[in-house]
Participant: 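Shown below is the structure under consideration.
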There are 2 protein chains.
Amino acid sequence: MSDRGAMLYEVLRHVRPLVLNSARVVEASLRGDGLSVGMRAVLEILAGHGPMTVPDIADRLDLARQGIQRHVNDLIALGCVEPRSNPAHRRSVLIAATPAGSELFARIRTGELDRLGRMAPGCTDEEIATALRVLGALNRDVRAEARSA
Amino acid sequence: MSDRGAMLYEVLRHVRPLVLNSARVVEASLRGDGLSVGMRAVLEILAGHGPMTVPDIADRLDLARQGIQRHVNDLIALGCVEPRSNPAHRRSVLIAATPAGSELFARIRTGELDRLGRMAPGCTDEEIATALRVLGALNRDVRAEARSA
DNA sequence: GCAGACATGACATCATTGTTGTCATGTCTG
DNA sequence: CAGACATGACAACAATGATGTCATGTCTGC
């Protein structure tokens, strides 16, 4: 039972259905606003870290820039996001959340936090913080393995 | 900081790249055997819990039975899995891992455990166990929310 | 028993999205 | 200045989750 490999294996086994189920819940909430889960992720980055180029967003999300570009284009069409000319790089456009986009994301996030607050009632804050640390460390190492291959 | 909603939100944010990156690593290893991540998941269930019907596998993986059926059909074509007539239900066929399939999965799992054992070296066994508990509780509640919607 | 509700396998179709490739153009480094 | 690289704008593809249909088998309540 003290085999860390086996325990991390169990973590990964838990993580996949969690992503699927949470995506289903989030997607249901988003449907009314015309957003997808991917678009929501992009909007989250922009709302949280300010204007950024498409390749930078892709790096943060561990995805190819081409896929992010699609989400950005869709978000522009919705008016949630807008391109801004970059004074330093004529070719590299900055993407920024519009006021409408920021407000929309704030509303989405508030609703999600509301629901999440009622979940996992048997877990203490410390336990959740520990889980966060473990997930961070595991993802860092798995990510390194994925990029080296 | 003691807002559990915000902390669980962070957990979900960590979980998505973890699934993506681990899938990339696992997929690279599986490519040589002609398996996909989905087929691997089905084989894992059968190797661990014995023969089972397609709908039962789907329930365990939180997926629709139609998708599982595709994976099962592919696994049958590879000889990793075989249908067995069910004495109790003529229509509901049991799917069982073949010796070749069991052996293949054992080999895959061994390799994965090997690599995982070297990851997240800064985390203790207790911390990983705590993470496991949190993920289990969170997924249980998220899953309930997904099914109620 | 029987009838209707339900489960199952076998199709089929569709949308999302991650992946990969290409190309013209702009930027940066040596 | 020249070659390497980054970026946006396509395009095409594959995996997979979602959904629907239908014939056939099973089960439940009457």
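Owing to the predicted nature of the structure, the values given are computational and were not obtained by experimental measurement. Per chain, numbering begins at 1; letters A, B, ... match sequence-line order.
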Participant: Return each pair, listed once, that meets salt bridge (Lys or Arg N to Asp or Glu O under 4.0 Å) where at least one residue sits in residues 48-57 of chain B; pairs must be two or more places apart or across chains.
Facilitator: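 Qualifying pairs, neighbours excluded: none.
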Participant: Would you check if there is a donor-acceptor pair between the side chains of Ser22(B) and Arg16(A) at a distance under 3.5 Å?
Facilitator: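 Per modelled atom types, Arg16(A) and Ser22(B) side chains form no pair under 3.5 Å.
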Participant: What's the angle between the local helix axes at either end of the helix from dG1(C)-dC30(D) to dG30(C)-dC1(D), using five pairs per end and rounding to 10 degrees?
Facilitator: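 Terminal axis comparison yields 50°.
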Participant: Do the side chain of Thr130(A) and the main chain of Thr130(B) share a donor and acceptor less than 3.5 angstrom apart?
Facilitator: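 Such a contact is absent between Thr130(A) side chain and Thr130(B) backbone.
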Participant: When the distance from CG of Asn21(A) to C1' of dG17(D) is rounded to whole Å, what number comes out?
Facilitator: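 Atom-to-atom, Asn21(A) to dG17(D), this comes out as 12 Å.
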Participant: Can you tell me the distance, in whole Å, between the CG atom of Leu61(B) and the P atom of dA18(D)?
Facilitator: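 In whole Å, dA18(D) P and Leu61(B) CG are 12 Å from each other.
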Participant: So, for Asp33(B) and Leu78(B), which heavy atoms are closest and what is the spacing to 0.1 Å?
Facilitator: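 Minimum heavy-atom contact is O-CD1, 4.2 Å.
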Participant: Please report the distance, rounded to the nearest Å, between CZ in Arg31(A) and P in dA18(D).
Facilitator: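 Atom-to-atom, Arg31(A) to dA18(D), this comes out as 10 Å.
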Participant: Below 4.0 angstrom, N of the basic side chain to O of the carboxylate: do Glu145(A) and Arg143(A) qualify?
Facilitator: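 So Glu145(A) does not pair with Arg143(A) through a salt bridge.
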Participant: Of the non-hydrogen atoms in Asp62(B) and Pro17(A), which two are nearest, and what is the gap between them?
Facilitator: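 The answer is OD2-CB, 3.9 Å.
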Participant: Less than 3.5 Å apart, any donor N or O on the side chain of Asn21(A) or Arg24(A) sitting next to an acceptor on the other?
Facilitator: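 Distance-only check passes for Asn21(A) and Arg24(A).
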Participant: Could you check whether any side-chain heavy atom of Leu35(A) comes within less than 4.5 Å of a side-chain heavy atom of Leu75(A), counting everything from C-beta outward?
Facilitator: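 A side-chain contact under 4.5 Å exists here.
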Participant: Go through the structure and list residues passing salt bridge (charged side-chain N to carboxylate O under 4.0 Å, His left out) with Glu103(A), not counting sequence neighbours.
Facilitator: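 Testing Glu103(A) for salt bridge (charged side-chain N to carboxylate O under 4.0 Å, His left out), a comparison that skips the adjacent residues, returns none.
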Participant: Whole Å only: how far is the CD atom of Gln69(B) from the P atom of dT13(C)?
Facilitator: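 Distance check: Gln69(B) CD to dT13(C) P gives 18 Å.
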Participant: With distance as the sole criterion, is a donor-acceptor pair present between the side chains of Thr53(B) and Arg65(B) under 3.5 Å?
Facilitator: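 Not at all, the side chains of Thr53(B) and Arg65(B) share no donor-acceptor pair under 3.5 Å.
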Participant: Do nucleotides 14-22 of chain C as a string where each nucleotide becomes B, S or -: B if the base has a protein heavy atom under 4.0 Å, S if just the sugar-phosphate does, - if no protein is that close.
Facilitator: ---BBBBBB
Participant: If the threshold is 4.0 Å, N to carboxylate O, is there a salt bridge linking Arg13(B) and Glu10(B)?
Facilitator: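 Here Arg13(B) pairs with Glu10(B) in a salt bridge, since their nearest N and O are under 4.0 Å apart.
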Participant: Does Arg40(A) make a cation-pi contact with Phe105(A) (under 6.0 Å, within 45 degrees of the axis)?
Facilitator: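 Output no; distance or angle outside limits.
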Participant: How many Å lie between CD1 on Ile68(B) and C1' on dT8(C), as a whole number?
Facilitator: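 Ile68(B) atom CD1 is separated from dT8(C) atom C1' by 15 Å.
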Participant: Considering only heavy atoms, which members of residues 46-59 of chain A lie under 4.0 Å from some atom of DNA chain D?
Facilitator: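 Residues of residues 46-59 of chain A under 4.0 Å from DNA chain D: Val54(A), Pro55(A).
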Participant: Return the value, rounded to whole Å, for the distance between atom CG of Asn73(B) and atom P of dT16(D).
Facilitator: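 Roughly 14 Å, once rounded to whole Å.
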Participant: Where the side chain of Asn86(A) meets the backbone of Leu94(A), is there a donor-acceptor pair that is under 3.5 Å apart?
Facilitator: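 Checking the backbone N and O of Leu94(A) against the side chain of Asn86(A), no donor-acceptor pair under 3.5 Å is found.
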Participant: Summarise how protein sits on nucleotides 25-30 of chain C as a single string, 5' to 3': B when a protein heavy atom is under 4.0 Å from the base, S for sugar-phosphate-only contact, - for no contact.
Facilitator: BSSS--
